[in-house]
Amino acid sequence: MNSIANNLHTVKNNIPSHVTLVAVSKTKPVSEILEAYNAGQRIFGENKIQEMALKYDEMPKDIEWHMIGHLQRNKVKYMAHFVHLIHGVDSFKTLVEINKQALKHNRVINCLLQLKIAKEDTKFGLSITEVEAILNSEELKELKNIDIKGVMGMASFIEDEAVIRTEFKTLKTFFEKLKRFNLSNFNPTVISMGMSGDYKIAIEEGSTMVRVGSAIFGLRNYS
Ligand SMILES: *Cc1c(COP(=O)(O)O)cnc(C)c1O
(Lines give C-alpha, C1' and ligand atoms only; values in the text may rest on other atoms or scores of the structure.)
Protein backbone atom coordinates (compact mmCIF):
# COMPACT_ATOMS: atom_id res chain seq x y z
CA MET A 1 0.00 0.00 0.00
CA ASN A 2 1.31 3.49 -0.80
CA SER A 3 2.08 5.89 1.98
CA ILE A 4 -0.73 8.40 1.39
CA ALA A 5 -3.29 5.58 1.69
CA ASN A 6 -1.46 4.29 4.77
CA ASN A 7 -1.38 7.71 6.37
CA LEU A 8 -5.05 8.23 5.61
CA HIS A 9 -5.96 4.95 7.29
CA THR A 10 -3.89 5.85 10.34
CA VAL A 11 -5.57 9.25 10.69
CA LYS A 12 -9.04 7.76 10.14
CA ASN A 13 -8.39 5.19 12.85
CA ASN A 14 -7.72 8.06 15.28
CA ILE A 15 -11.00 9.81 14.46
CA PRO A 16 -14.39 8.75 15.86
CA SER A 17 -17.23 8.34 13.38
CA HIS A 18 -19.04 11.57 14.41
CA VAL A 19 -15.99 13.65 13.39
CA THR A 20 -15.58 14.61 9.72
CA LEU A 21 -12.12 14.43 8.18
CA VAL A 22 -11.16 17.17 5.73
CA ALA A 23 -7.98 16.08 3.93
CA VAL A 24 -6.02 19.29 3.36
CA SER A 25 -4.45 18.98 -0.08
CA LYS A 26 -3.14 22.53 -0.58
CA THR A 27 0.08 22.68 -2.67
CA LYS A 28 -0.28 18.96 -3.53
CA PRO A 29 -0.65 17.79 -7.14
CA VAL A 30 -3.80 16.10 -8.47
CA SER A 31 -1.88 12.79 -8.73
CA GLU A 32 -1.38 12.72 -4.96
CA ILE A 33 -4.92 13.84 -4.20
CA LEU A 34 -6.12 10.97 -6.40
CA GLU A 35 -4.20 8.53 -4.20
CA ALA A 36 -6.27 9.67 -1.24
CA TYR A 37 -9.40 9.62 -3.39
CA ASN A 38 -8.70 6.06 -4.48
CA ALA A 39 -8.27 5.13 -0.82
CA GLY A 40 -11.81 6.37 -0.21
CA GLN A 41 -11.40 10.02 0.81
CA ARG A 42 -14.05 12.36 -0.67
CA ILE A 43 -13.61 15.59 1.33
CA PHE A 44 -10.66 17.84 0.51
CA GLY A 45 -9.62 21.25 1.79
CA GLU A 46 -7.66 23.95 -0.01
CA ASN A 47 -6.58 27.42 1.08
CA LYS A 48 -6.32 29.21 -2.29
CA ILE A 49 -9.48 29.69 -4.32
CA GLN A 50 -7.94 29.50 -7.79
CA GLU A 51 -5.87 26.43 -6.94
CA MET A 52 -9.02 24.73 -5.64
CA ALA A 53 -10.96 25.66 -8.79
CA LEU A 54 -8.27 24.15 -11.04
CA LYS A 55 -8.31 20.94 -9.01
CA TYR A 56 -12.12 20.88 -9.07
CA ASP A 57 -12.02 20.97 -12.87
CA GLU A 58 -9.57 18.08 -13.09
CA MET A 59 -10.89 15.76 -10.41
CA PRO A 60 -13.92 13.45 -9.99
CA LYS A 61 -17.13 15.34 -9.34
CA ASP A 62 -18.22 13.45 -6.22
CA ILE A 63 -15.61 15.32 -4.17
CA GLU A 64 -16.71 17.84 -1.51
CA TRP A 65 -14.37 20.85 -1.74
CA HIS A 66 -13.82 22.93 1.39
CA MET A 67 -12.21 26.38 1.35
CA ILE A 68 -10.20 26.63 4.57
CA GLY A 69 -8.00 29.65 3.85
CA HIS A 70 -8.35 33.37 4.39
CA LEU A 71 -10.83 34.68 1.82
CA GLN A 72 -10.32 37.41 -0.72
CA ARG A 73 -13.80 38.68 -1.46
CA ASN A 74 -13.08 39.39 -5.14
CA LYS A 75 -12.25 35.71 -5.69
CA VAL A 76 -15.38 34.15 -4.17
CA LYS A 77 -16.90 34.08 -7.66
CA TYR A 78 -14.35 31.49 -8.83
CA MET A 79 -15.65 28.84 -6.43
CA ALA A 80 -19.32 29.78 -6.01
CA HIS A 81 -20.52 27.10 -8.46
CA PHE A 82 -19.02 24.17 -6.57
CA VAL A 83 -17.64 24.91 -3.09
CA HIS A 84 -19.29 22.77 -0.39
CA LEU A 85 -18.21 24.60 2.79
CA ILE A 86 -16.29 27.84 3.37
CA HIS A 87 -14.54 27.65 6.76
CA GLY A 88 -12.81 31.01 7.09
CA VAL A 89 -15.54 33.64 6.97
CA ASP A 90 -14.46 36.53 9.16
CA SER A 91 -16.62 39.49 8.16
CA PHE A 92 -20.21 40.38 7.37
CA LYS A 93 -19.07 41.85 4.03
CA THR A 94 -17.72 38.44 3.04
CA LEU A 95 -21.07 36.81 3.88
CA VAL A 96 -22.78 39.37 1.64
CA GLU A 97 -20.41 38.55 -1.23
CA ILE A 98 -20.83 34.78 -0.78
CA ASN A 99 -24.61 35.24 -0.76
CA LYS A 100 -24.45 37.33 -3.95
CA GLN A 101 -22.34 34.77 -5.80
CA ALA A 102 -24.41 31.82 -4.51
CA LEU A 103 -27.58 33.51 -5.77
CA LYS A 104 -26.09 33.76 -9.28
CA HIS A 105 -25.76 29.98 -9.31
CA ASN A 106 -29.08 29.41 -7.59
CA ARG A 107 -27.29 27.68 -4.70
CA VAL A 108 -27.07 27.91 -0.95
CA ILE A 109 -23.44 27.98 0.19
CA ASN A 110 -22.51 26.57 3.59
CA CYS A 111 -20.22 28.75 5.72
CA LEU A 112 -18.45 28.68 9.06
CA LEU A 113 -17.58 31.80 11.03
CA GLN A 114 -13.92 31.91 11.96
CA LEU A 115 -13.30 32.90 15.56
CA LYS A 116 -9.98 34.12 16.84
CA ILE A 117 -9.02 31.78 19.66
CA ALA A 118 -5.21 31.94 19.52
CA LYS A 119 -3.33 34.56 21.49
CA GLU A 120 -1.01 35.34 18.55
CA ASP A 121 -1.96 38.51 16.61
CA THR A 122 -1.21 36.90 13.27
CA LYS A 123 -4.39 34.83 13.29
CA PHE A 124 -7.49 35.95 11.45
CA GLY A 125 -10.89 35.70 12.98
CA LEU A 126 -13.81 37.36 14.70
CA SER A 127 -14.33 37.95 18.39
CA ILE A 128 -17.41 36.44 20.02
CA THR A 129 -18.86 39.97 20.28
CA GLU A 130 -18.43 40.49 16.54
CA VAL A 131 -20.09 37.15 15.80
CA GLU A 132 -23.04 38.05 18.03
CA ALA A 133 -23.36 41.40 16.25
CA ILE A 134 -23.53 39.61 12.89
CA LEU A 135 -26.14 37.13 14.14
CA ASN A 136 -28.19 39.96 15.65
CA SER A 137 -28.18 42.08 12.50
CA GLU A 138 -31.35 42.55 10.48
CA GLU A 139 -29.33 42.43 7.25
CA LEU A 140 -28.26 38.85 7.91
CA LYS A 141 -31.87 37.70 7.59
CA GLU A 142 -31.87 38.87 3.97
CA LEU A 143 -29.01 36.55 3.02
CA LYS A 144 -31.06 33.57 1.92
CA ASN A 145 -28.32 31.93 -0.16
CA ILE A 146 -25.97 31.23 2.72
CA ASP A 147 -26.31 28.73 5.55
CA ILE A 148 -24.02 29.27 8.54
CA LYS A 149 -23.24 25.79 9.81
CA GLY A 150 -21.04 26.63 12.78
CA VAL A 151 -17.61 27.87 13.73
CA MET A 152 -13.96 27.38 12.85
CA GLY A 153 -10.82 28.17 14.80
CA MET A 154 -7.08 27.66 14.85
CA ALA A 155 -5.07 27.14 18.00
CA SER A 156 -1.66 28.73 18.53
CA PHE A 157 1.27 27.04 16.76
CA ILE A 158 3.08 26.09 19.93
CA GLU A 159 4.13 22.97 21.81
CA ASP A 160 2.29 23.77 25.03
CA GLU A 161 -0.64 21.35 25.02
CA ALA A 162 -2.37 23.10 27.91
CA VAL A 163 -2.61 26.37 25.95
CA ILE A 164 -3.89 24.59 22.83
CA ARG A 165 -6.47 22.73 24.90
CA THR A 166 -7.68 25.97 26.51
CA GLU A 167 -8.08 27.61 23.09
CA PHE A 168 -10.16 24.68 21.81
CA LYS A 169 -12.28 24.77 24.97
CA THR A 170 -12.92 28.46 24.27
CA LEU A 171 -14.21 27.70 20.77
CA LYS A 172 -16.49 24.95 22.09
CA THR A 173 -17.88 27.35 24.71
CA PHE A 174 -18.51 30.03 22.05
CA PHE A 175 -20.28 27.47 19.87
CA GLU A 176 -22.62 26.46 22.70
CA LYS A 177 -23.30 30.13 23.47
CA LEU A 178 -24.25 30.88 19.86
CA LYS A 179 -26.82 28.09 19.66
CA ARG A 180 -29.41 30.40 21.23
CA PHE A 181 -29.69 32.35 17.98
CA ASN A 182 -32.69 31.13 16.05
CA LEU A 183 -32.38 32.11 12.39
CA SER A 184 -33.28 30.25 9.21
CA ASN A 185 -29.75 30.69 7.79
CA PHE A 186 -27.94 29.77 11.02
CA ASN A 187 -27.96 26.04 11.74
CA PRO A 188 -24.93 25.33 13.90
CA THR A 189 -23.74 21.72 13.97
CA VAL A 190 -20.06 22.10 13.01
CA ILE A 191 -17.02 22.94 15.13
CA SER A 192 -14.07 22.90 12.72
CA MET A 193 -10.93 22.66 14.82
CA GLY A 194 -7.81 20.51 14.82
CA MET A 195 -4.92 20.05 12.36
CA SER A 196 -2.16 17.42 12.00
CA GLY A 197 -0.40 18.44 15.20
CA ASP A 198 -3.40 18.92 17.44
CA TYR A 199 -6.45 17.10 16.06
CA LYS A 200 -6.51 14.51 18.86
CA ILE A 201 -6.71 17.28 21.48
CA ALA A 202 -9.34 19.09 19.37
CA ILE A 203 -11.52 15.97 19.25
CA GLU A 204 -11.24 15.55 23.02
CA GLU A 205 -12.43 19.15 23.33
CA GLY A 206 -15.48 18.72 21.09
CA SER A 207 -14.36 19.14 17.49
CA THR A 208 -16.77 17.74 14.90
CA MET A 209 -14.52 18.43 11.88
CA VAL A 210 -10.74 18.21 11.63
CA ARG A 211 -8.56 19.65 8.85
CA VAL A 212 -5.55 17.39 8.41
CA GLY A 213 -2.88 17.95 5.75
CA SER A 214 0.71 16.97 6.43
CA ALA A 215 -0.20 13.86 8.48
CA ILE A 216 -1.79 12.50 5.28
CA PHE A 217 0.19 14.01 2.40
CA GLY A 218 3.55 14.65 4.06
CA LEU A 219 5.25 17.98 4.51
CA ARG A 220 4.46 20.77 2.06
CA ASN A 221 7.07 22.31 -0.17
CA TYR A 222 6.38 26.02 -0.73
CA SER A 223 9.46 26.78 -2.80
C1 LIG B 1 -2.82 24.08 6.11
C2 LIG B 1 -4.00 24.14 6.99
C3 LIG B 1 -4.42 23.01 7.72
C4 LIG B 1 -3.68 21.69 7.71
O5 LIG B 1 -2.44 21.80 8.34
P6 LIG B 1 -1.56 20.52 8.70
O7 LIG B 1 -0.75 20.96 9.86
O8 LIG B 1 -0.74 20.20 7.50
O9 LIG B 1 -2.50 19.41 9.04
C10 LIG B 1 -5.57 23.12 8.49
N11 LIG B 1 -6.26 24.28 8.55
C12 LIG B 1 -5.90 25.38 7.88
C13 LIG B 1 -6.71 26.61 7.99
C14 LIG B 1 -4.75 25.34 7.08
O15 LIG B 1 -4.41 26.45 6.41
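Order of appearance sets the numbers: ligands from 1, and atoms from 1 within every ligand. In this chain, residues are counted from 1 in sequence order.
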How far is [atom] from its nearest protein heavy atom, and which residue and atom is that?
atom: atom 2 (C) of ligand 1; result: K26 NZ, 2.5 Å
atom: atom 5 (O) of ligand 1; result: M195 CE, 3.4 Å
atom: atom 13 (C) of ligand 1; result: I68 O, 3.5 Å

| Location of contacts on H87 toward ligand 1, heavy atoms closer than 4.0 Å |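 The answer is neither.
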
| said: Quick check: A215 and ligand 1, any N/O pair under 3.5 Å apart? | reply: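 No; the residue has no nitrogen or oxygen that sits under 3.5 Å from a nitrogen or oxygen of the ligand.
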
| request: Please determine if N47 has a nitrogen or oxygen closer than 3.5 Å to a nitrogen or oxygen of ligand 1. | output: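 So ligand 1 has no N or O lying under 3.5 Å from an N or O of N47.
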
| message | Within the structure provided, determine whether E167 and K119 are in side-chain contact (heavy-atom separation under 4.5 Å). | response |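 Side chain of E167 against side chain of K119, heavy atoms only: contact under 4.5 Å found.
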
| message | So K144 and N185, do their side chains get closer than 4.5 Å, heavy atoms only? | response |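 Result no, sub-4.5 Å side-chain heavy-atom pair not found.
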
| request: Assess whether atom NZ of K61 is packed by more than 12 heavy atoms of other residues, nucleotides or ligands within 6.0 Å. | output: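 Yes, because the 6.0 Å sphere around NZ of K61 holds more than 12 heavy atoms from other groups.
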
Would you mind running through ligand 1 and noting each atom that sits below 4.0 Å from a heavy atom of [X]?
X: S196; value: 6 (P), 7 (O), 8 (O), 9 (O)
X: V212; value: 9 (O)
X: M154; value: 13 (C)
X: G213; value: 4 (C), 6 (P), 8 (O), 9 (O)

| message | Is it true that R220 and S214 share a donor-acceptor pair across their side chains at a distance under 3.5 Å? | response |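 There is no such pair between these side chains.
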
| Does the side chain of T94 pick up a donor-acceptor pair with the side chain of S91 at under 3.5 Å? |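 On atom types as modelled, these side chains qualify, holding a pair under 3.5 Å.
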
| query | Out of M193, R211, H70, who gets a non-hydrogen atom closest to atom 10 (C) of ligand 1? | reply |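 The residue whose heavy atom sits nearest atom 10 (C) of ligand 1 is R211.
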
| request: Please say which of K26, H70, H87 ends up in a side chain to side chain contact (heavy atoms under 4.5 Å, CB included) with N47. | output: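 Between N47 and the candidates, side chain to side chain contact (heavy atoms under 4.5 Å, CB included) is satisfied uniquely by K26.
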
| said: Less than 6.0 angstrom separating the ring centers of H105 and F82, yes or no? | reply: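 No, the ring centres sit 6.0 Å or more apart.
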
| request: State plainly whether the residues E97 and K77 are in salt-bridge range, i.e. N to O under 4.0 Å. | output: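 Answer for the salt bridge query: no.
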
